[in-house]
Amino acid sequence: MNVTHLECAACHLEHEARRLLNPCRECGKPLLVRYDLEAATRPLKKESLIGRRADLWRYREVLPVDDDANIVSLGEGWTPLLHAVRLGNKLGINELYIKDESQNPTQSFKARGMSAAVSMAKELGAHKLAVPSAGNAAGALAAYAACAGLECFIFMPDDTPRANVVECEQTGAKVTLMPGLITDCGAEVARRKDAEGWFDVSTLKEPYRVEGKKTLGYELAEQLNWKLPDVIIYPTGGGTGLIGMWKAFDEMEKMGWIGPARPRMVTVQASGCAPIVRAFAEGKRFAEEFPNAETVASGLRVPKAIGDFLILDAIRASKGTALSVTDQELIDATGEIGAAEGVFCAPEGAACLPALRKLLGAGEAQKNERIVLFNTGAGVKYLEAFS
Ligand SMILES: Cc1ncc(COP(=O)(O)O)c(C=O)c1O
Ligand SMILES: [Zn+2]
């Protein structure tokens, strides 16, 4: 298709595109996919999107798969951007939106990344896929691997929400529960993958999950008629969605679809695991591992992210910020958003609401701005957190 090469996000070393690759062979940082965007824009125009398929593959020309036959799809993406009128009224904001990612296959935005990653793994000849996960990525990988007819090996902390474990088992994955955190699960995959012949689908350790996630940025622009919002509030663990959107904005600007203006990118984390918030406050480009990470918002329990510098770069370049909220705040917010809007958010997504209140209180967001909260998953998968 239009992929030219893979580029290391840190040292910029070029890597060949048509091979199964993990991080940069020189410096170990994430590889990003680069496209011939001029070629992409010949068939792909804003107007030509009308009538295209109602999933993320509508942006086919800026996605990595070569042969359509390799696309592994369960209908991911093209989720609604809900105008949160009642919640907005409570806060005095006219233009408050919720991008509702709970409406994806497997009920979270992880479906986007896994659709792209599994399609590429299939195209490039992988047979066995392995992933460490906080829960939702596992559910998504299991589903897409099943759909592709590939074997799937999942490693999750033993206190991952039960729904995530059951969904993986019921979609044919081999599940290992481990004591510790997602980082321990990642180390286990890294230790065993060569001997087992697994392709490691850890976020940002393979180049394509971010390609699926970047469609969040394309959709947001398209749904808002090509005018990006003023503020995006995003619950950040590994940061793939935020990094992906930031990449999408650059691509769209190069294609002439949007101008140079960018939303302020706001990372929200749980106070029990806030490595990005801490690094942002300390003015650091890389985040140190957050000790004793703990939060019911399991997707935010990522004490160390390989893409930390990309998250921090985007936040700073956009004049955004990073802030944390307590577990009590994010659990309370789940009920508040649910009652006001009828959306039963994942606790990670609900964390955006107390974050917004803090921004308004600190004068870092204004009531007359257009603000988008990301509900990244479905509350129904976290029943333990609400008992
Ligand atoms: C519901 C939910 N929200 C947010 C996140 C964090 O996502 P990211 O890795 O893109 O920061 C996760 C990750 O597991 C998640 O499951
Ligand atoms: Zn590198």
Side-chain angles (χ1 to χ4, degrees), residues 6-15 21-32 99-102 104 106-114 131-141 156-157 160-161 163-164 167 181-182 185-186 202-205 207 209-210 212-214 216-217 232-247 265-270 273-277 287 295-311 314-315 322 330 334 344-352 373-382 385:
L6 305 178
E7 180 186 348
C8 174
C11 78
H12 304 290
L13 186 71
E14 280 196 18
H15 293 61
L21 290 176
N22 287 119
C24 173
R25 63 172 176 269
E26 279 299 318
C27 75
K29 297 296 184 196
L31 296 179
L32 298 176
K99 180 71 171 158
D100 189 14
E101 288 292 293
S102 70
N104 275 299
T106 71
Q107 296 83 51
S108 91
F109 72 152
K110 299 283 174 180
R112 293 178 187 267
M114 290 307 183
V131 82
S133 170
N136 283 317
L141 179 63
M156 290 186 284
T160 298
N164 297 128
E167 67 180 335
L181 298 170
I182 187 171
C185 297
S202 301
T203 199
L204 290 166
K205 288 191 189 167
R209 282 174 66 177
V210 74
K213 286 249 190 114
K214 84 179 178 189
L216 286 169
I232 285 177
I233 308 183
Y234 179 84
T236 306
T240 314
L242 188 144
I243 295 165
M245 279 191 271
W246 196 247
K247 181 174 190 282
M265 306 297 281
V266 177
T267 269
V268 53
Q269 297 196 301
C273 181
I276 301 298
V277 176
T295 165
V296 292
S298 45
L300 304 185
R301 210 168 38 154
V302 182
K304 176 85 191 141
I306 180 177
D308 52 1
F309 65 107
L310 296 173
I311 305 168
I315 296 172
L330 58 86
T334 311
F344 183 13
C345 291
E348 294 87 344
C352 295
L373 313 181
F374 271 82
N375 175 34
T376 43
V380 75
K381 289 213 181 158
Y382 297 76

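Counting starts at 1 for both ligands and their atoms, in listed order.
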- Atoms of ligand 1 less than 4.0 Å from Gly241 heavy atoms? 10 (O)
- Query: Which atoms of ligand 1 are found less than 4.0 Å from any heavy atom of Lys213?
  - Reply: 10 (O)
Measure the spacing between [atom1] of [X] and [atom2] of [Y] and express it to the nearest 0.5 Å.
X      : Y      : atom1 : atom2 : value
Ser108 : Lys381 : OG    : NZ    : 6.0 Å
Thr240 : Tyr234 : OG1   : OH    : 6.0 Å
Glu348 : Tyr382 : CD    : OH    : 3.0 Å
Asp308 : Ile243 : CG    : CD1   : 8.5 Å
Arg112 : Asn104 : CZ    : CG    : 5.5 Å
Ile232 : Leu216 : CD1   : CG    : 9.0 Å

So is [X] touching ligand 1 or not, going by heavy atoms under 4.0 Å?
X      : result
Phe374 : no
Pro235 : yes
Gly239 : yes
Glu101 : no

Report yes or no: does [X] contribute a side-chain atom to a donor-acceptor pair with the main-chain N or O of [Y] at less than 3.5 Å?
X      : Y      : value
Asn375 : Asp100 : no
Lys304 : Ala287 : yes
Gln269 : Ile276 : yes

Nearest non-hydrogen protein atom, [atom]:
atom                    : result
atom 9 (O) of ligand 1  : Gly238 N, 2.9 Å
atom 10 (O) of ligand 1 : Tyr234 OH, 2.5 Å
atom 16 (O) of ligand 1 : Asn136 ND2, 2.8 Å
atom 5 (C) of ligand 1  : Phe109 CZ, 3.6 Å
atom 3 (N) of ligand 1  : Thr376 OG1, 2.6 Å

- Message: Please find the pair of heavy atoms, one from Pro275 and one from Val302, that lie closest to each other, and give the distance.
- Response: CG-O, 3.5 Å
- Note on the structure: Minimal heavy-atom distance between Ile233 and Cys352, with the atoms involved, is O-SG, 3.4 Å
- Message: Here's a test for you: under side-chain contact (heavy atoms from CB on, under 4.5 Å), which of Asn136, Val131, Thr106 qualifies with Leu141?
- Response: Val131
- Message: I'd like to check Ser298 versus Thr160 (side-chain heavy atoms, cut-off strictly below 4.5 Å). Are they in contact?
- Response: no
- Item | Cut-off under 2.8 Å, centre the Zn ion (ligand 2), protein N/O/S atoms | Cys8 SG, Cys11 SG, Cys24 SG, Cys27 SG
- Of the listed options (Gly349, Gly237, Ala350, Gly113), which comes nearest to atom 6 (C) of ligand 1 when hydrogens are ignored and any heavy atom counts? Gly237
- Flag Thr236 as yes when one of its N or O atoms lies below 3.5 Å from any N or O atom of ligand 1, and as no otherwise. no
- Message: Heavy-atom distances under 4.0 Å decide this one: backbone, side chain, both or neither, for Tyr382 against ligand 1?
- Response: side chain
